[in-house]
Amino acid sequence: MRIVLVITLIAISVIGYRATMIRNAALLPVAFEHLDHSDEACITCHHNYIDDTGYDSCYSCHKHDPTVALEIESMFHDFCRTCHIEKAQLGEASGPLRVCAECHHEGGRRSQNLN
Amino acid sequence: MTTESTARPSDGSVRTPSVPGEYQLPVHFGVVVLCTITLPLVLWFIYPKAPQNGWGWDLLMGTGMLGAGMMLALPLVAPRVWVYYGGDAQALRSLLNLHRDVNYAVLVLVLIHIVGLVVIDRTTIEYLKLSAPLSMLAATVASLLLLVITLTSRYRTALRLRYPSWHAWHVGMSVLAMTFMAFHIVDAGYYVNSPVKKAVFIVLVAGPSLVTFGLSRWHRKFGSATWRGLDSRSQPVLQLPATRGFSVRLVVLLGVFWLLWMICFSIPDGGSRGDAQVTLCRASECE
């Protein structure tokens, strides 16, 4: 079955190419504000303060650490949106749930404070 | 008009007599089709209900859901299977029209779903790339398959595809497309957001295809007359006219129904976003 072989080869190269594409994808801007999250404990998010993953900023470590680099999208989306959705379902104030631009935009107070 | 409608097939079974040019569909079957189309939208608003994301976003998600529902209904109106259960060649044309028009409606809805999202939120372009998460890649593959299926069916004779192999590919690609579509919705997991809903949805995806598959097996095993459920003499029937216009009108009607449904049931959720409403602004303009 030559066609099976061809399809397998194509599939393998597509999977490999996809991995490099994810690694090379530019970080999207995120308008995260600590002020909106002052009710949460630091380590809810800054897990690296207590486990031994190291010291860096979230995004740059997650983008470059090879163990998690391929999952940056799913890890952060699950993490950020799940909390927001839970709050929204309780009828409390919440952050963005799905609409990309609510998170992925430049600006916001952060850029005034930190940059 | 041919006399086929009253002729008996060589296996001696009695076919449902039908008016030439019309296809008789049992009413309960019509109800099954309509339920299949609307159930993804029903799943949306039952507990635990997904919070709102703004009207633009939610309506575009709704087009996706309606598209999914219509896609699920396609195997139910597959003329190839229903040919065994009544209707002359002329009458089956009406079913074929339905199959076609529902498919075109699915294509249009999927297109609106994709283009609309990119228009209202440019970041979604990221999900059309190869680096997108698997659930989104699955959707892209499903849409492309849908396009290939449509083109190879519309231009089957022009492309000189022989019927048997075309049919095998048609079934194979359709099953794949539906599987990818289901993965897209279940893995994104926003509207189909609990284990129960996921289970129901998967049953919903597999159900219509299994019914169609079962019917064709049944026919092969027992012949056409044995399946009494569709004998029009014993129950009320819907008359489907064979004209193109009819199914187009039906699809448009469904669209209107969908809009009302979305506005009344699926979208409103009592504003659970609280006071955290979006303010899209640059740092300098924000206060």
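The shown structure was predicted, so the numbers you read here are calculated from the model rather than taken from an experiment. Naming convention: chains lettered A, B, ... in sequence-line order (proteins, then strands); numbering from 1 in each chain.
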Given heavy-atom pairs under 4.5 angstrom as the criterion, report whether the side chain, backbone, both or neither of A:Arg23 touches chain B.
neither
Without hydrogens or angle criteria, can the side chains of A:Thr82 and A:Asp78 be said to hold a donor-acceptor pair below 3.5 Å?
no
Is the distance from the ring center of B:Tyr191 to that of B:Phe45 below 6.0 Å?
no
Using non-hydrogen atoms and a 4.5 Å limit, figure out which bit of B:Leu137 sits close to chain A: side chain, backbone, both or neither.
side chain
For the side chain of A:His84 and the backbone of A:Leu97, is there at least one donor-acceptor N/O pair under 3.5 Å apart?
no
Contact origin within B:Leu134 toward chain A - heavy atom pairs under 4.5 Å:
both
Non-hydrogen atoms of chain B under 4.5 Å away: do they reach the side chain of A:Leu28, the backbone, both or neither?
side chain
Scan side-chain atoms only and decide if A:His77 and A:Glu73 contain a donor-acceptor pair under the 3.5 Å cut-off.
yes
